[in-house]
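A quick write-up on the structure given underneath.
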Amino acid sequence: MTVSIDKLLAGDTRAIARAITTVENGVDGAVELMKAVFAKTGRALVIGITGAPGAGKSSLVDKLALHYRDKGERVGIICVDPTSPFSGGAILGDRIRMATLGLDKNVFIRSMATRGNLGGLSRATADAVAILDAAGFDKVIVETVGVGQDEVEIVKTADVSIVVLVPGMGDDIQAIKAGIMEIGDVFAINKADREGVLRTQKELEALLSLAHRPDFWNPPIVKTIATENKGIEDLSTAIESYRAFQKQGDASLTRKKAIAHWRLIELLRERLLTDMLRRTGSETELDDLAGRIASKEIDLYSAVEELVGPTLSKGPGLRYINHLGVATKGIDEALGFWVDALGLENVHTEVVEDQKVRVAMLPIGESRIELLEPTSDDSPISKFIEKRGGGIHHIAVEVGDIESVLAKLKAKGVRLIDEVPRTGAEGCLVAFIHPSSANGVLLELVQTK
Ligand SMILES: Nc1nc2c(ncn2[C@@H]2O[C@H](COP(=O)(O)OP(=O)(O)OP(=O)(O)O)[C@@H](O)[C@H]2O)c(=O)[nH]1
Ligand SMILES: [Mg+2]
């Protein structure tokens, strides 16, 4: 499925819907799409609305959307409901809404309810917001049930966050205060036609007076009756007042930076996980492992080690190739190839007196090429070059505990050049294993301190 960027930017409804599906599925093309969209974002006001189930969020969103539309603005609405990905509830509700609001070409409604195995719902939602922003919507409203961490995070990415409460919540306010209280820039007490509005307001005021926001903003409390379209103007004014406040100081930039930081981590998490699974195993394997954990065959931590492999292993044994030693007649001349032509960087040069060599270290990933140059005619490297004219001299393997690895090798009858570790380049502990025990390879063990 290809998305026409031009149509999307022109506000074409089908192009927008396709674009959102693309980022939701995380399919190929999503990355290019989001890169293309980026430059066009930053114009819309993003409003996040959260609150307990049934508080009247959808009703409020609809009324707010109509309010903006009547002022000639275009409004995009995204409903996030990860709690009911398959049940018809939210979707059905949204269908009915779409039948009324959605017919309006200045209002776009979309629900996001799918959560892939690898998470990514909040990333997809943020992408959808960016798409609507780029498509020219003046306001983008994101509605989410304030129950989980994801949902709270989603609302945090809005320019203005509204928390919806209802009268008579009493103890509930206490319960939810830890989660969503601190994210409200504006509070709406909806269903203000019910009893106990004043009491809820007092309780909320008391709680807010205890909270200390870093930006010293005093969140306004607005009373609304969504079903009767009451208090919507006040709500919109409260939103504007927070916007005006944000623009005064550097709060807006601080917030944007915090959001970017969060989104970066979110995307990185998803990307690394996808990459790792692509490299080390399929989702089927993940499923198998889950089964083995459930039947107590394997513990969670060992399962992760099985997947991630030895790069994370912290045991005494072999960890990774620390470097490949390459014998050269002269390092400076050799750099012409390794640095100038190949593009590696020489990060460290040193003379190791003990072994009569000068070395240069050129990192590649977690490993390195170590260029070796003899410092005298009786250097082992001189002899090597005499015999072979240069080439790979040794392979160095990083170990967790060099003493214990040496002890194990000795017990197995391996011929060691160094039975006791000595100090090598960069002050590491090193020991060599004789080529006669290792198929003609000179193997060096390294323990970086
Ligand atoms: N009395 C009264 N009822 C309201 C008001 N606002 C919404 N409702 C009703 O409350 C119920 C829930 O409203 P929704 O707008 O679906 O609430 P929600 O928070 O979006 O619900 P979920 O998305 O399921 O969490 C509906 O029956 C609404 O008609 C209000 O101000 N007063
Ligand atoms: Mg709703």
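For clarity, every value in this text was computed on a predicted model and none was experimentally measured. Counting starts at 1 for both ligands and their atoms, in listed order.
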Seminar exercise, completed: In ligand 1, the atoms that come under 4.0 Å of a heavy atom of P53 are 25 (O)
Exercise. Does the protein put a heavy atom under 4.0 Å from atom 2 (C) of ligand 1?
Worked result: yes
Exercise. When only distance counts, is A55 in polar contact with ligand 1, meaning an N/O pair under 3.5 Å?
Worked result: yes
Seminar exercise, completed: Of all protein heavy atoms, the one nearest atom 32 (N) of ligand 1 is D193 OD1, 3.0 Å
Seminar exercise, completed: In this structure, atom 15 (O) of ligand 1 is nearest to the protein heavy atom S59 OG, 2.5 Å
Problem set entry | Per-atom contact, atom 27 (O) of ligand 1, protein heavy atoms, under 4.0 angstrom | no
Exercise. Which ligand 1 atoms are under 4.0 Å away from a heavy-atom of S58?
Worked result: 15 (O), 18 (P), 20 (O), 23 (O)
Problem set entry | Set of residues satisfying ring pair (Phe, Tyr, Trp, His ring centres under 6.0 Å) with respect to Y68, sequence neighbours excluded | none
Exercise. Looking only at heavy atoms, which two atoms of W338 and L362 are closest? And how far apart?
Worked result: CB-CD2, 3.4 Å
For this session: Could you check atom 29 (O) of ligand 1 against the protein and tell me its nearest heavy-atom contact, residue, atom and distance included?
Result: T227 CG2, 3.5 Å
For this session: Hey, can you tell me if F137 and F108 have their rings parallel, tilted or perpendicular (30° and 60° cut-offs)?
Result: tilted
For this session: Would you check the N or O atoms of A226, main chain and side chain alike, for any that come under 3.5 Å of an N or O of ligand 1?
Result: yes
Exercise. Got a second to check how far I141's CD1 is from I239's CD1, nearest 0.5 Å?
Worked result: 7.5 Å
For this session: If you have a sec, work out which protein heavy atom is nearest atom 6 (N) of ligand 1 and how many Å separate them, to one decimal?
Result: N190 ND2, 3.0 Å
Exercise. Going by atom types only, do R14 and S4 share a side-chain donor-acceptor pair under 3.5 Å?
Worked result: no
Exercise. Out of K230, K57, K191, who gets a non-hydrogen atom closest to atom 9 (C) of ligand 1?
Worked result: K191
Problem set entry | Closest protein heavy atom to atom 23 (O) of ligand 1, given as residue, atom name and distance to 0.1 Å | E143 OE2, 3.6 Å
Problem set entry | Proximity to ligand 1 by part of E228, non-hydrogen separation under 4.0 Å | neither
Problem set entry | G54 N/O to ligand 1 N/O under 3.5 Å | yes
